[in-house]
Amino acid sequence: MFTEGAPPSGLAASVEPVTTFDPAPPPVAAGPVALDAGQRRVVEARHGRGAVVLGAPGSGKTTAAIELVAAAVLEDDLDPSAVLVLTPARRTATVLRDRLAVRLGVEQRVLPGPLARSVAAFAFALVTAAHRLDGLAEPRLLSGADQDSDLAELLDRSALEAVLGPLAGPGPAWPEHLGPEVRRLAAFRTELRDAIARLSEHGVSTDWLRARAAERGLDAWPALADLVDEYREVLGSARPGQLDPAELVRAAVGLVRDPAPGLPPMPRLVVLDDAHDATPSGLELVAALAARGAAVVALGDPDVAANTFRGAEPEALAGLPALLGWQSAEPIVLPTVHRHGAALRALAVDVSSRIGTARAGAQRRAVASAFDEDDDARATPEGWGGPIVALDAPTATRERALIADLLRERHLLDAVPYRRMAVIVRSGRMVPGIVRALAQAEVPVQSTAAGRPLREHPAARALIRHVDVGVGRSPLDAAAATELLLGPLGGVDRVGLRRLRRALRAEELAGAGDRPADLLLADALADPARLATIDHRTARRAARLARTLRSIGERHEAGATVDELLWLAWSESHVAEVWQREAAGFGVAAAEANRALDAVVAVFTAAATIVDTVPDATVESFLTRVLDSDVGDDLLAPLREEDAVLVATPAAVTGLEADVVVIAGLT
């Protein structure tokens, strides 16, 4: 049912008109835009040492940042190479880069590089330039999957001893409550990766960790310190030149403080957008740039920080002036919210008042701009009662049905494009269920699926398993044969598989044999000729799979790379045209085909990344990485640009805008 007021348990839907939501950057005027008094102060801050800017959501922080850069380049004739625009996340950097390009009219300019970068991207470029000057190999960013795999090997002492023998040593002395069963858990490795990242982030040594452990009587910390030392030693020998993101930014900080001859000149103006999500090392990098003479303008709102799980500290924004060495500095507070009206502004203030201020809080006093009095009435469907609607659902199934009904109603009756709608969930684990429910309700949907291991996608797993079995890393037994035949690439259903097993068993008995059907099925896929005597469609498909597996094995022995083997498995499956045709249609089948094609693209993206960045990586190491790791890679494959609802977590939608936002599972 629809009710007015603050949303109770269930879900909330915002239907107030805002700017267009789209995976592509929102349209931006090529000329100057009208700014309020606070935004004009931000633009003028370029003439001094800079400023810290606080602004509520929709108060125009990013618009002010764009106009600041435009004024520096177009009015002050500052060379674009002397301007550095940073954001904590790559996605927001991409959007900001495109908006800056439109505003500056880059078709008339030759630029030295991207107009906006993530902090990690700038650090990587700086460290890479330094390595080239020193004649060293270019650095490589250590992925979460690689780190998880390395930690799993170090924690499994029996496997390590089988490889290194006595050189493996006894390993860290873990306390009793962190026994072998705990150390085998993926969640334990996740905690270890977070601990290593925080140590690197804050520049904390393992000796410091041991000293604090002795003071506080913490028996787990010395074991952690020993593991970190061992991990870094193994990483240095097994993966030379690879750095995790925190180590990369730390290395860049050192280069800014003590630049090597030949490095590009440091920027004169640094703009940090979404500063509330910057990690301590990222802020230290900005401080190092300020110490080299750059004016720094940092914009953010601690109330919407979404990167704390990666070490960001929202309170650091208020402490940034001290970090930059400014003796006294009052922040610039943007006074007006332009994106939405009074109702949503009141809800945002009510919610933010329930959390700590993170040493800020002045941005909460921003007021909504004066809309035309009929704007809310035109944008709110008749009978809804207002721009904020609360729906109460007794079960998760009913909740998803209500979400689908709401989205379809807004699309069909109010002509809101699906691409201007979003469903926000608090955890990535909730994304697949809502995606499936919306697809079954024939609502086009897409998701970022960030952090999801490739093996959890049926199409991706099937493709990888073809190579896994073909090269002999995993045995071709009855379980593997059944999985491949019934998988998305095998094309055999359970009825057909049963008939094939029965036919193989009948031939075996006719030849006076007595082998079971499981063994016969595995033998048949190992020898394509074995299926030539069975004249049936299922047998022909199984024979094609057997030939594919044999070809993969032969190409592997000839030295083929993993992407070549994956392409062989993909092309021989003959499903590309079928899935492409289905994806062009409508309904559940089209959604499933689109997700399958996306998963296949993700596999090839991961394989290409391995081939390009780790030339000496083996096929087996790639398979171990994608099949055994519980961590998904952050791939560069973009979202499809189509009319579809986005389902994502808050961290994945930071900075995006939509006409209809559903917040699912508030309880």
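Start at 1 with the first residue, then count along the sequence.
Nearest approach of Ala664 to Val425, heavy atoms of both residues: CB-CG1, 4.1 Å. Of all the heavy atoms in Ser59 and His338, the pair that sits closest is O-CD2, 3.8 Å. The minimum heavy-atom distance between Ala56 and Gln363, with the atom names listed, is CB-O, 3.6 Å. Of all heavy-atom pairs spanning His340 and Pro57, the tightest one is CE1-O, 3.7 Å. When all heavy atoms of Ala290 and Leu324 are compared, the closest pair comes out as CB-CD2, 3.8 Å. Residues Ala295 and Gly50 come closest through the heavy atom pair CB-N, 4.3 Å.
Look at Asp76 and Arg46 and you find a salt bridge, because one of the NZ, NE, NH1 or NH2 atoms lies within 4.0 Å of a carboxylate O, short of that distance. Salt bridge annotation for Arg103-Glu67: present, with a cationic side-chain nitrogen under 4.0 angstrom from a carboxylate oxygen.
Side-chain atoms of Thr395 come within 3.5 Å of backbone atoms of Arg398 as a donor-acceptor pair (strictly under, hydrogens ignored). The closest donor-acceptor contact from the side chain of Arg41 to the backbone of Val333 lies at 3.5 Å or more, if one exists at all. Between the side chain of His276 and the backbone N or O of Pro314, no donor-acceptor pair lies under 3.5 Å. In this structure, Arg364 contributes its side chain and Ser352 its backbone to a donor-acceptor pair below 3.5 Å. Listed for the Asp414 side chain is no donor-acceptor partner under 3.5 Å among the backbone atoms of Val416. Ser353 places a side-chain N or O within donor-acceptor distance of the main-chain N or O of Asp350, the cut-off being under 3.5 Å. Checked by atom type and distance alone, the side chain of Asp277 pairs as donor or acceptor with a backbone atom of Asn307 at under 3.5 Å. Of the possible donor and acceptor atoms, none in the side chain of Lys61 sits under 3.5 Å from a partner among the backbone N and O of Leu299. Using a distance-only test at 3.5 Å, with no hydrogens or angles considered, a donor-acceptor pair links the side chain of Arg40 to the main chain of Leu35.
None of Asp98, Thr92, Leu96 except one satisfies the side chain to side chain contact (heavy atoms under 4.5 Å, CB included) rule with Thr94; the exception is Asp98.
Taking Arg250 as the reference, Glu284 meet the salt bridge (charged side-chain N to carboxylate O under 4.0 Å, His left out) condition, with sequence neighbours excluded. Residues forming a salt bridge (charged side-chain N to carboxylate O under 4.0 Å, His left out) with Asp405 (at least two apart in sequence, or on another chain): Arg408.
Expressed to the nearest 0.5 Å, how far CG of Leu402 lies from CG of Leu391 amounts to 5.5 Å. The distance from atom CZ of Arg99 to atom OG1 of Thr63, rounded to the nearest 0.5 Å, is 5.0 Å. Here Arg193 contributes atom CZ and Arg198 contributes atom CZ; the two are 11.0 Å apart, rounded to the nearest 0.5 Å. Rounded to the nearest 0.5 Å, atoms CD1 (Ile355) and CG (Asp303) are 4.5 Å apart. To the nearest 0.5 Å, atoms CG (Asp643) and CZ (Arg419) are separated by 5.5 Å.
For Ser281 and Thr279, the side-chain atoms include at least one donor-acceptor pair closer than 3.5 Å. Defined by atom type and a distance below 3.5 Å, a donor-acceptor pair is missing between the side-chain atoms of Asp274 and Thr87.
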Would you check, one step at a time, whether the test side-chain contact (heavy atoms from CB on, under 4.5 Å) holds for Val297 with Ile332?
CA-CA 10 Å; Val297 177; Ile332 297 175; over 6 Å; no
Tell me, with the steps shown, if Leu656 and Leu646 meet side-chain contact (heavy atoms from CB on, under 4.5 Å).
CA-CA 11 Å; Leu656 298 181; Leu646 178 67; 4.2 Å; yes
Yes or no on side-chain contact (heavy atoms from CB on, under 4.5 Å) for Val85 and Asp273, after CA distance, side-chain angles and deciding distance?
CA-CA 8 Å; Val85 182; Asp273 200 11; 5.6 Å; no
Pair Leu334, Val42 - check side-chain contact (heavy atoms from CB on, under 4.5 Å), show working.
CA-CA 9 Å; Leu334 300 181; Val42 175; 4.1 Å; yes
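Within a 6.0 Å sphere centred on CZ of Arg268, other residues, nucleotides and ligands contribute 12 heavy atoms or fewer.
At a threshold of 4.5 Å between non-hydrogen side-chain atoms, the residues Val443 and Val645 count as touching.
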